[in-house]
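The structure appears right after this line, and notes come after that.
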Amino acid sequence: QGVKRSGQSISLFVSNNDGMAMGALGSVRWLKGMPIFSYGANTDALMKVKSGEIFGTLDPGITGQAAGIYMAARNLIDHPEYTNLDAVTHGFSEKYATSYGYVKSEFEPFDEKTNAMLSRNVAVRKDNVDKFYNKSVITRLEENEKIIHDKETTVKSKIYQSYYSATDNYLNSSMRPLFENLCNKFNFDVTSTFGNGNDEAQALDNLQTNLTKGKIYQAFVLNMVRTTSAKSYLDAIYNVYQEDGVVNVPIIFWNRQPTDESNQVDINSMHDKRFKNILYVGYAAKQGGNIQGQMIKEYVEKTIEAKYENK
């Protein structure tokens, strides 16, 4: 309808995520053969890449993200003296392998200003989709990462983990199965809560309800509904865990990076002096945008070149 109202012709579509791309392809108004580029490498989208209906998507390093989040949490629980940099160094390469193995996936260099560890995206096209297609996320985890089950080194640790939505396709088809597989390998007892995708108050209520049980969690892995809500989560945790000094319970935000009202990284929250360790472990959005842009550029250049050759 938007295209129709604009009165302009459209040469291609760029989707923010695979779910939106799949919705477009399923529309009765979709123009068959229209190029569409997406993001996420969900199972259903990979099928469309293989069939040629989606011209390209990106794998945001899902196995590296999941393994990296739990590796950082395990490091900080086992080594309260670790800095944020220590937490994302040990176990993030073969050189610094721990008793839990190591994360093989590539990450951008750790950014101490934003306390962010970002996994690198990989372009998925028809010519390389078989590396991803028809493989469960667990198979991809076993191929991509070197995580081993070490129940002898540390005692089982209880962590709280939130998902902003119970119905988000990316979270539930990709990330959740990875976490459920990895929790045993990292010797975690995970309490998971799920929001409705829209209501931050509900997500915070889930956290508050679990905080009434006392100081039972040794780490918090938080996926906010809105990226501007980090302080609300930190306040809720601090109200329960505050002692004489700094709270030495790691906080790891994931999937949605904390931002301020100007849409910049929320530096104040990421360096909240009430807490010893606050991290964001996610995907490198800027690098992913560059890769997606490069895919589109290559498509446009080939299309123009083909037009001239056929004249």
Side-chain angles (χ1 to χ4, degrees), residues 16 39 58-93 95-96 98 102-122 159 161-162 164 175 200 219-238 241-242 245-294:
N16 185 54
Y39 188 94
L58 270 73
D59 172 20
I62 59 172
T63 62
Q65 282 187 60
I69 289 164
Y70 276 6
M71 182 66 78
R74 186 78 263 176
N75 283 338
L76 291 170
I77 292 169
D78 295 347
H79 301 277
E81 76 281 6
Y82 271 10
T83 64
N84 287 331
L85 180 58
D86 292 330
V88 295
T89 298
H90 296 278
F92 279 78
S93 67
K95 178 181 178 181
Y96 292 102
T98 72
Y102 62 97
V103 182
K104 289 169 59 180
S105 290
E106 292 187 0
F107 282 76
E108 298 283 282
F110 179 63
D111 186 342
E112 294 193 67
K113 181 180 179 181
T114 61
N115 281 336
M117 190 66 167
L118 307 177
S119 66
R120 290 179 176 165
N121 301 267
V122 178
I159 69 173
Q161 181 162 4
S162 65
Y164 92 97
M175 297 303 289
E200 195 79 76
F220 290 85
V221 179
L222 304 172
N223 176 202
M224 305 171 289
V225 176
R226 294 182 180 83
T227 61
T228 54
S229 300
K231 187 177 183 301
S232 298
Y233 286 82
L234 295 173
D235 287 347
I237 295 168
Y238 183 76
Y241 280 78
Q242 62 180 310
V246 174
V247 175
N248 200 3
V249 175
I251 311 295
I252 301 175
F253 292 100
W254 70 285
N255 189 49
R256 293 189 167 179
Q257 188 170 19
T259 62
D260 57 27
E261 295 297 337
S262 63
N263 206 32
Q264 301 300 308
V265 174
D266 185 353
I267 300 297
N268 289 332
S269 290
M270 295 308 297
H271 288 271
D272 190 324
K273 295 185 185 304
R274 297 176 297 175
F275 297 84
K276 183 177 181 296
N277 299 104
I278 301 175
L279 288 167
Y280 171 70
V281 181
Y283 58 89
K286 187 177 293 185
Q287 181 250 2
N290 289 337
I291 292 177
Q292 191 178 55
Q294 184 62 35

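Please read all numbers here as calculations on a predicted model, not as lab measurements.
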Decide whether [X] and [Y] meet the rule of one side-chain donor and one side-chain acceptor closer than 3.5 Å.
X: Ser269; Y: Asp272; answer: no
X: Tyr233; Y: Glu200; answer: yes
X: Gln65; Y: Tyr70; answer: no
X: Tyr39; Y: Asn121; answer: yes

Decide yes or no for [X] and [Y]: does some side-chain heavy atom of the first lie under 4.5 Å from some side-chain heavy atom of the second?
X: Pro80; Y: Asn248; answer: yes
X: Leu222; Y: Ile237; answer: yes
X: Thr63; Y: Ser105; answer: yes
X: Asn84; Y: Phe110; answer: yes
X: Asn115; Y: His271; answer: yes
X: Arg274; Y: Gln242; answer: no
X: Tyr280; Y: Thr114; answer: no
X: Asn75; Y: Asp86; answer: no

Quick one: [atom1] on [X] to [atom2] on [Y], what's the gap to the nearest 0.5 Å?
X: Glu112; Y: Met117; atom1: CD; atom2: CE; answer: 11.5 Å
X: Lys286; Y: Leu118; atom1: NZ; atom2: CG; answer: 10.5 Å
X: Ser93; Y: Glu106; atom1: OG; atom2: CD; answer: 11.5 Å

Measure across [X] and [Y] and return the closest heavy-atom pair with its distance rounded to 0.1 Å.
X: Gly91; Y: Thr98; answer: N-CG2, 3.5 Å
X: Ala72; Y: Leu279; answer: CB-CD1, 4.0 Å
X: Pro250; Y: Leu76; answer: CB-CD1, 3.6 Å
X: Val246; Y: Phe275; answer: CG1-C, 3.2 Å
X: Met224; Y: Ser229; answer: SD-C, 3.7 Å
X: Met270; Y: Val265; answer: CG-CG1, 4.4 Å

Answer yes if the ring centres of [X] and [Y] are under 6.0 angstrom apart, and no otherwise.
X: Tyr82; Y: His90; value: yes
X: Tyr102; Y: Phe92; value: no
X: Phe220; Y: Phe253; value: no

Exercise for the section: With side-chain contact (heavy atoms from CB on, under 4.5 Å) as the test, would you mind laying out the steps for Ile252 and Asn277 before giving the verdict? Expected result: CA-CA 8 Å; Ile252 301 175; Asn277 299 104; over 6 Å; no
Please say whether more than 12 non-hydrogen atoms of neighbouring residues, nucleotides or ligands are located less than 6.0 Å from [atom1] in [X].
X: Gln294; atom1: CD; value: yes
X: Glu81; atom1: CD; value: yes
X: Lys276; atom1: NZ; value: yes

Exercise for the section: Answer yes or no on whether Arg256 is positioned over the face of Tyr164, meaning its NZ or CZ is under 6.0 Å from the six-membered ring centre and within 45° of the axis. Expected result: yes
Problem - Trace of the side-chain contact (heavy atoms from CB on, under 4.5 Å) decision for Ile159 with Ile77 - result: CA-CA 10 Å; Ile159 69 173; Ile77 292 169; 4.0 Å; yes
Exercise for the section: Decide yes or no on side-chain contact (heavy atoms from CB on, under 4.5 Å) for Lys113 and Ile267, but give the supporting numbers first. Expected result: CA-CA 7 Å; Lys113 181 180 179 181; Ile267 300 297; 4.1 Å; yes
Practice task
Please confirm whether the backbone N or O of Gln161 pairs with a side-chain atom of Trp254, one donor and one acceptor, at under 3.5 Å?
Solution key: no
Fill in the blank from the handout: Across all chains, not counting sequence neighbours, the side chain to side chain contact (heavy atoms under 4.5 Å, CB included) partners of Thr89 are Leu85, Tyr96
Problem - Ser262 and its side-chain hydrogen bond (donor to acceptor under 3.5 Å, both in side chains) partner, picked from Asp266, Asp260, Thr259 - result: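 For Ser262, the side-chain hydrogen bond (donor to acceptor under 3.5 Å, both in side chains) check succeeds only for Asp260.
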Practice task
Could you please spell out the steps behind the side-chain contact (heavy atoms from CB on, under 4.5 Å) verdict for Met175 and Asn255?
Solution key: CA-CA 10 Å; Met175 297 303 289; Asn255 189 49; 6.0 Å; no
